Amino acid sequence: QVHMVESGGGSVQAGGSLRLSCAASGSIREINAMGWYRQAPGKQRELVARITSGRSTIYAEPVKGRFTISRDNDKNTVYLQMNSLSPEDTAVYYCNAQAVSSIGRYLEVWGQGTLVTVSS
């Protein structure tokens with residue numbers, strides 16, 4: 001089984017920064033793409049950013065130029081550096097990974113979510 005544990009959420013004023021981390025653990029053979037999603041109150045979960053094992057990245061339009069996704073393959077960890085935060089970024093942020101378990105099963109794994117609150 002594979003688990004993902006997030007950290008780094010919290011409250012910040014508009015214009016501030018936060019860094020989210022998410023570490024995968026368990027019976028992992030490899031991790032392919034990793035990503036961050038968010039869900040604001042009353043809205044559907046949406047992709048924020050995604051990074052492949054080769055470190056190719058994509059970003060949602062609202063966060064381009066402000067957020068940076070990165071990963072440490074040795075630590076099975078994905079990061080999201082969020083700068084110039086605005087109240088519109090307030091949401092629960094979830095990490096996601098496409099992993100292969102030690103017995104060869106393909107898994108899609110989610111973190112528990114971490115709340116980011118940006119005040120004006």
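Quick caveat, the model's predicted, so the values are computed rather than measured.
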Scan residues 76-96 for pairs that pass salt bridge (charged side-chain N to carboxylate O under 4.0 Å, His left out), counting only residues two or more places apart or in two chains.
Arg38-Asp89, Arg66-Asp89

Which pairs count as salt bridge (charged side-chain N to carboxylate O under 4.0 Å, His left out) when at least one residue sits in residues 3-20, sequence neighbours excluded?
none

Just how far is it from atom CG of Asn96 to atom CG of Leu47, taken to the nearest 0.5 Å?
9.0 Å

Mind checking what makes side chain to side chain contact (heavy atoms under 4.5 Å, CB included) contact with [X], not counting sequence neighbours?
{"X": "Ala33", "result": "Arg50, Gln98"}
{"X": "Ser7", "result": "Ser21"}
{"X": "Val100", "result": "Arg29, Glu30, Asn32, Tyr106"}

Please list all pairs passing the side-chain hydrogen bond (donor to acceptor under 3.5 Å, both in side chains) test where one or both residues lie in residues 111-120, with sequence neighbours left out.
none

May I ask you to check whether Asp72 and Thr77 show a side-chain donor-acceptor distance below 3.5 Å?
no

Criterion side-chain contact (heavy atoms from CB on, under 4.5 Å) on Ser53 and Arg71, from CA distance to verdict:
CA-CA 8 Å; Ser53 56; Arg71 63 189 285 171; 4.2 Å; yes

Contacts of Glu61 that satisfy side chain to side chain donor-acceptor pair (under 3.5 Å) - sequence neighbours left out
Lys64

Hits for side chain to side chain donor-acceptor pair (under 3.5 Å) against Lys43, two or more places apart or cross-chain, chain-then-number order -> none

My understanding is that only residues two or more places apart in sequence, or in another chain, count here; which of them pass salt bridge (Lys or Arg N to Asp or Glu O under 4.0 Å) with Glu108?
none

Quick test of your reading: applying ring-ring contact (aromatic ring centres under 6.0 Å, His included), list the pairs with at least one residue in residues 73-92, sequence neighbours left out, ordered by first then second residue.
none

As a quick check of understanding, evaluate side-chain contact (heavy atoms from CB on, under 4.5 Å) for Trp110 and Arg45, giving each step before the final call.
CA-CA 12 Å; Trp110 291 90; Arg45 191 175 298 188; 3.3 Å; yes

Kindly say whether Gln1 contributes a backbone atom to a donor-acceptor pair with the side chain of Arg105 at under 3.5 angstrom?
no

Among pairs that include at least one residue of residues 56-102, which meet disulfide bond (SG atoms under 2.5 Å apart), considering only residues two or more places apart or in two chains?
Cys22-Cys95

Clusters formed by hydrophobic residues whose side-chain heavy atoms approach within less than 4.5 Å: which one holds Val116, and what are its other members?
Val2, Met4, Val12, Leu18, Leu20, Ile28, Ile31, Met34, Trp36, Val48, Ile51, Tyr59, Val63, Phe67, Ile69, Val78, Leu80, Met82, Leu85, Tyr93, Leu107, Val109, Val118

